[in-house]
Amino acid sequence: MGGCTIVQVPSSEVSASNQSCTSQGGTPGTSCPTTDLIGCCTLSGAEACYYGDAGGDQAACTSAGGTWSTTP
């Protein structure tokens, strides 16, 4: 269905990061929505959340050394 990625950036890079997100069709924000959330993977300072059918996303997350959670 879709996804949400949260990446921590220094305050001096927030504007550029928001512009990059928007130019790629995304919506800048500070958290991922919880509606239809399957789970989130936190890896290397970034969080990617999955919606609808996560399929093998949980296994891929943990095998890469990430932490899987059912909440953002």
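Any value given below was found using the heavy atoms of this structure, including those in side chains, with hydrogens, waters and symmetry copies removed.
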Smallest separation among heavy atoms of [X] and [Y], with atom names:
X	Y	result
C32	P72	O-CG, 3.7 Å
C61	T42	SG-N, 4.5 Å
T70	L37	O-CD2, 3.3 Å
T30	I6	C-CD1, 4.0 Å

**Report entry** Sole candidate of S11, P10, S15 that passes side-chain contact (heavy atoms from CB on, under 4.5 Å) when paired with E13
**Finding:**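 So, applying the side-chain contact (heavy atoms from CB on, under 4.5 Å) to E13 and each of S11, P10, S15, only P10 qualifies.
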Requested in this report: Verify, without hydrogens or angle tests, whether S20 (side chain) and A16 (backbone) share a donor-acceptor contact under 3.5 angstrom.
Outcome: no
Query raised in the report: Do Y51 and T35 have side chains that get closer than 4.5 Å, going by heavy atoms?
Result: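 Not touching, per the 4.5 Å side-chain cut-off.
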Query raised in the report: With the 4.5 Å side-chain cut-off for hydrophobic clustering, are V14 and V7 part of the same group?
Result: yes
Query raised in the report: C41 and C49: sulfurs closer than 2.5 Å?
Result: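 Unbridged: C41 and C49.
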Requested in this report: Would you check if there is a donor-acceptor pair between the side chains of T62 and Q58 at a distance under 3.5 Å?
Outcome: no
Query raised in the report: In Å and rounded to the nearest 0.5 Å, what is the CH2 to SG distance from W68 to C40?
Result: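 Spacing of CH2 (W68) from SG (C40) equals 7.0 Å.
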